[in-house]
Amino acid sequence: MGGRPCSSTLFLTVNWSLLQVCQLRKQFGGFIALNNVSLQIDKGSITGLMGPNGAGKSTLFDVISGLLPPTSGHIYWDGHEITGKPPHILFSLGVLRTFQIPQEFDSLTVRDNLMMVPAGQFGEILWNSWFHRDKIDKQEAELAHRAKEVMQFLTLTPLANEPAGNLSGGQKKLLELGRTMMVDASIVLFDEVGAGVNRTLLGVIGDAIVRLNREWHYTFCMIEHDFSFVSKLCDPIIVLSEGQVLAEGSSDMIGQNEQVVEAYLGLNQSPHL
Amino acid sequence: MSGRDRVYFVLCLLLIIGVGIFQSWNVALTMINFALISAILSLGLNIQWGFGGLFNVGIMGFVALGGLAVVVVSAPPVEEAWRAGGWRVLSALFVAVLAIGGSLFVWKRWRPKKYGAVSLVVFLTMAFVLYRFLFDPAVLAIEKVNPALSGFLGGFNLPVLLAWPVGGLLAAAAAMMIGHIALGLRSDYLAIATLAIAEVLVAILKHEEWLTRGVKNVTGLPRPVPYEVDLQQSIWFQEWASQLGIDGIEASSLTVKLCYMVLLIIVLALIFTLCQRALNSPWGRMMRAIRDNERAASVMGKDVKRRHLQIFVLGSAVFGIAGAMMTTLDGQFIPSSYQPLRFTFLIWIMVIVGGSGNNWGAVLGGLLIWFLWIQVEPIGLATIDFLTKPLHPTSPLRVHLIDSAAHMRYVMMGLFLLLVLRFRPQGLIPER
Amino acid sequence: MNLLTATNLSGGYGEVDILHNLSLTVERGKIAVIVGPNGAGKSTVMRALLGLIELRSGQIIFEGQDITQKFPQERVILGISMVPQTRNIFVTLTVEENLEIGAYLHDEPISVAMEEVFSLFPILAKRRNQMAGQLSGGQRQQLALARALMMSPKLLLLDEPTAGLSPVVIDEVMERIKQIVAAGVAVVMVEQNAHKALEIADIGYVLVQGRNRFTGTGSELLSDPDVRVSFLGG
Amino acid sequence: MLDAAIVLANFVVIPALSYGSLLALGALGVTLVYAVLRFANFAHGDTMSVATMMAIYCTWWLQSLGIDFIRPLPTALLAIPFAALGTVGLLLVIDRLVYRHYRQAKAPPITLVIVSVGVMLILHGLSRMIIGVDEQRFFDGGRFIVSAGEFKEWSGLKEGLAIKSTQVIAIVSAVTLMAYLFYFLQRTRTGKAMRAFADNEELALLSGIRPQKIVTSCWILVAVLAAVSGTVYGLDKVYKPFTYFQLLLPIFAAAVVGGMGSPVGAILGGYLIAFSEIGLTYAFKRVAGHLLPPSWVPDGLLQLISTDYKFAVSFTILVAVLLLRPTGLFRGQAS
């Protein structure tokens, strides 16, 4: 089976992996969503995560980003264990994620949606908001500048002052992407960025991802169903099926992998058969 | 603030001036003073509900704690009561704190072991017996000391203005404890829990006579402003009043109320400025983001739990300050006067009618709803009187209706709330 | 004559269309299977047929009657019954009560219908007085089917009836579906599990991004290499 | 020994049973609204108050007509059906004017809670305006079924057992009503549909259940529960609008402790709250006096918590249950 073996006790191997997932298991009652998943995401890569519905992709993201505790297994970040850490701590390490259904802050404007992202803002401390306005203003100006760039990049500028709740589905997706661009993220976990987005917009998003990867040195891990879109962007591609890693490799390898095709068609060589 | 928002405030002002002209300036000033305190309460709730989406229905409890602060800070100490059992009561409370802390420790340490629950019960029973052994005689002794006049420990005889921040701190400390345990609950459960906790707090204030004199009330609390009698007797004041051509007694009472008003306006302005600054800052942005979507906010690096606790404590501190101010204004502490309808639900109506999430809206709601709360009764009375004029003055229907006008305020408040929720759910002054 | 004919359906949630000029037909006593990659709009078709989403254009004819504008409840009365993918039984009711609720719109006594359903799903008869929440995954799925059948529907809409089930149980559920069809009920089924579903399909529709991509009998589709690749989302 | 049991029955068990019965009926009303309409109804206490008010007026009317054929039972029992009808009408009107709008707009539960606060204020104000804030007594008929003196004579014991007729009425009417409610929910078509709707709203709609019908029958049940529990509580204690507003909290406590949305839980919760309120604040000295040799009887009252904190007991239990097990002791609807 795919996925590299990894030992959780002897983690001495020098490697380039930014994020390493070892023997991760997540169970909801009797339902096993993740069944001993092991995989790693290399620094600077755009890793694609594919698989049929119910394969456990979003659950994997939830566990990595700290929204759900794993039943067992370990997650390592740059060699340090981060299993079970709360989301805001992971964020401070540079782990960002987006959601399949956009989770915008609907009463905030598009600009505020972007500007709220960076952690540890000087003005997020109540005392400073009362007594150090000048310093806040300076930082806000920087943030606003960055937000402006991001909005320009994503063609959201005309909507800057619009409450995010009023945006269309595709625009919300762009905003989700934009939020990840507000900080120097180390890794962005993208959940179905293409769902509900039209082709032209998808092109824009794809370009943005490549540029962010090359110029800003972001690492991406993205769940995506559109194979042509994934194969253009991603290397490697990891295929999950029934909570397990089914295959891993370049897009050519995956496209020709009979096992993968069968998994999508529903003829699984599940090991528990 | 937009033009229309200003119109609302001018309208409020006109209403109050109207009261001054048609009823009396004394009434108008009293109304203003309580309206200002309502505005502060409403700001406090706006921090919790408007900024952070916390459904707190326990406002009354924190207001009462603020009132207690006035007693503790500024009432004169009763030396005899302290000698009779003051230290013993304190040691009993110390035992109680130790017992609770100890049981938490035992629970954490021993729960996995076999006899964890049993040992906890044994420990608590022992602690309870010890507590009652220390507490009961002491309380009896204290309450026996001149029961008609004191029968309680009294306070520290410090300036009453100090009680305002102390009230805030006391409420904040209580909120810290309550928040730690209750904030994880879903919104409707949080509502029920806070409602219940507030009732327990007030029940304690009502019945622990050694602390608050209970139903006997603490009267004659010191004031931050001069007494009317002193003013009337001072020569400069008499001259000044006669120069203005006002009766000395009325002048003195107006002056006292004006002094209070100035103090209240200072506090309101201070809290308002802090609220505005906080809301229009990255802090406020973060809070609103958390309110809109907790899950996404936590993934965007915000510590939702800590922030919820922060606004819970902050808003409750404001309730405590307002509670202390109200008790100071009354000059007495009446534990049985704390009713949820008046101190919790009325504040909710203020915030929702004014516009939650907007500080101007909260202040407007506080002023306007207080005005209506007071004036619904006379207006209703006048209306009923007018409508039933054709009836004989002693006709039972007319008498009954006139009697019942006093209770129209609840119906009217409920109606306001429902109408605003239905036709202007964002309130008179919307969030933005 | 076709039992149900849907032509050129376009629509979705909010402004973004998920379905684009999609058409499909089902005959009486036949089974139509909708397959396709993730996000192709399969479940949306189901919801559209039952009237749970607003269509921007298109027409749905059921038994010669235009039902495009009808409310979901009216469609249920006409004989369209749906089994949602998740939360498709009442977990706090007993098995028997679940079936009674299934026949809620029936005025005549339901004992006959219930006996028929029990003969189709013997396991449910054994557990008729148990809470539905205590059933296993496969039994729950059977109960969901049984509940939908209590209305004696002419058309049964099944949204991924085998999702999350183990292979042995999948076979069992498929077997039941075949029996239902044999009894004269038309079925439209959405399936992730394309292989199994297409094996029993009279007609199959491959959807890609809300559009008809391939249509044919089950075996035709299964042997077409283009179809296989298109499952990867192309 | 027997004397101790009699004292316990007299001052703890019987009062707790009758109070618990009424709390259980109230909690059932809250829990039904929570299960079907999915919000915590803050207006329930005042619904009971208005219902009782109707019953009181009706009782007075019947008394003025001289109708007393059910002596020694109180006339108010005859008034309950009228009060229930009136309450049904009231609640349906409120639903039409107030709640329906938010239900159709799919408003979040918290909005409905705030709306119910508005309804609570209006109902509270109405009862104050119409009947006034004072205590109303409308009990007539025989006070005691068993009086202490008679019991002593009959049994020859030192302690007497007194059973008030209102206590028996409370227990009997509560048990009857609960039995009917369970029959309705478990056996009738509408009852089953109601449970199905509470369990899974979307699937209920797919099965052809009309929500409006479920909502209407829910309000009818709530109105009957409110009329019976309110009137009988007023008979047993006293009627006063503010007392009924305050009843809201022990009722919520009972519903939450049992698990919001679970009828069985509401009943058990009602008795649990009643027994702990009365048991924890009862001075057990008299019981001990019969059990222990005289020299062993302690000086204190043997009272765990002062009676002043009677209400506080239920709130404390409520908060503890919310924190330790928010779904209630008997598993209500989880989030």
Side-chain angles (χ1 to χ4, degrees), chain C residues 43 46-47 49-53 70-110 129 131-133 140 143-153 155-159, chain D residues 28 31-32 34-38 103-106 181-218 255 258-268 327-328 330-335:
Chain C
S43 295
M46 288 290 179
R47 301 184 71 81
L49 291 182
L50 203 67
L52 293 170
I53 61 163
K70 286 206 185 303
F71 290 111
Q73 316 258 324
E74 297 175 284
R75 302 187 198 206
V76 174
I77 296 171
L78 284 177
I80 304 181
S81 202
M82 175 165 160
V83 180
Q85 184 184 348
T86 51
R87 286 175 48 81
N88 50 20
I89 56 169
F90 300 104
V91 288
T92 58
L93 271 60
T94 65
V95 168
E96 198 173 297
E97 285 168 342
N98 264 277
L99 299 180
E100 285 172 28
I101 295 295
Y104 186 76
L105 288 176
H106 267 297
D107 289 328
E108 60 263 38
I110 55 169
N129 292 320
M131 283 289 164
R140 280 172 179 234
L143 177 59
L145 285 172
R147 187 203 60 81
L149 285 175
M150 284 300 287
M151 271 297 293
S152 323
L155 175 65
L156 197 56
L157 306 176
L158 306 178
D159 194 352
Chain D
L28 276 172
T31 229
L32 275 180
Y34 192 84
V36 173
L37 296 137
R38 300 187 162 80
R103 197 161 56 240
Q104 286 172 350
K106 298 221 183 316
L181 188 73
F182 277 91
Y183 167 77
F184 175 81
L185 288 176
Q186 298 292 335
R187 291 277 175 266
T188 66
R189 206 169 101 99
T190 314
K192 286 175 191 172
M194 195 183 261
R195 278 163 58 217
F197 185 85
D199 179 317
N200 188 336
E201 193 173 334
E202 203 191 47
L203 195 60
L205 297 182
L206 283 180
S207 310
I209 294 171
R210 278 208 312 278
Q212 193 56 47
K213 186 179 168 192
I214 299 300
V215 170
T216 305
S217 21
C218 173
M260 275 283 213
S262 147
V264 182
I267 293 169
L268 295 175
T327 47
F330 310 97
R331 280 261 168 254
Q333 282 181 347
S335 62

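The figures here come from the full heavy-atom set of this structure, side chains too, leaving out hydrogens, waters and symmetry mates.
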Beyond-backbone contact of [X] with [Y], side-chain heavy atoms, under 4.5 angstrom:
X      : Y      : answer
D:L205 : C:P72  : no
D:K192 : C:E100 : yes
D:R195 : C:T92  : no

(message) What part of D:E202 gets within 4.5 angstrom of chain C, counting heavy atoms only: side chain, backbone, both, or neither?
(response)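 For D:E202, side-chain heavy atoms alone lie under 4.5 Å from chain C.
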(message) Going by side-chain hydrogen bond (donor to acceptor under 3.5 Å, both in side chains), name the residues that satisfy it together with C:Q85, two or more places apart in sequence or in a different chain.
(response)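 Residues passing side-chain hydrogen bond (donor to acceptor under 3.5 Å, both in side chains) with C:Q85: none at all.
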(request) Would you mind checking which part of C:V91 comes under 4.5 Å of any heavy atom in chain D, side chain (CB onward), backbone (N, CA, C, O), both or neither? (result)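 Looking at C:V91, backbone and side chain both touch chain D.
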(request) Check each atom of C:I77 against the heavy atoms of chain D and say whether the ones under 4.5 Å are side chain, backbone, both or neither. (result)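 No part of C:I77 comes within 4.5 Å of chain D.
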For [X], I'd like to know if atom [atom1] has over 12 heavy atoms of other residues, nucleotides or ligands within 6.0 Å.
X      : atom1 : value
C:F71  : CZ    : no
D:R189 : CZ    : yes
D:R210 : CZ    : no

(message) For a quick test of reading the model, state the closest non-hydrogen atom pair linking D:D199 to C:L93 and the distance between them.
(response)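 Minimum heavy-atom separation between D:D199 and C:L93: OD2-N, 4.2 Å.
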(message) Show the nearest heavy-atom pair for residues C:P84 and D:L206, with the distance to one decimal.
(response)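 Closest approach of C:P84 to D:L206: CG-CD1, 3.6 Å.
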(request) Could you have a look at C:I89, C:T94, C:L52 and say which one has the most heavy-atom pairs with chain D under 4.5 angstrom? (result)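 Sorted descending by pairs with chain D, the first entry is C:I89.
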(message) Tell me which of these, C:N98, C:N88, C:I80, has more heavy-atom pairs under 4.5 Å with chain D than the rest.
(response)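 Among C:N98, C:N88, C:I80, the one with the most close pairs to chain D is C:N88.
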(request) Would you please say whether a donor-acceptor pair under 3.5 Å links the side chains of D:S207 and C:R147? (result)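 Yes, a side-chain donor-acceptor pair sits under 3.5 Å.
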(message) Within this structure, what is the CE-CG distance for the pair C:M82 and D:L203, rounded to the nearest 0.5 Å?
(response)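 These two atoms lie 9.5 Å from each other.
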(request) Keeping the roles fixed (side chain from D:N200, backbone from C:F90), state whether a donor-acceptor pair exists under 3.5 Å. (result)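 Such a contact is absent between D:N200 side chain and C:F90 backbone.
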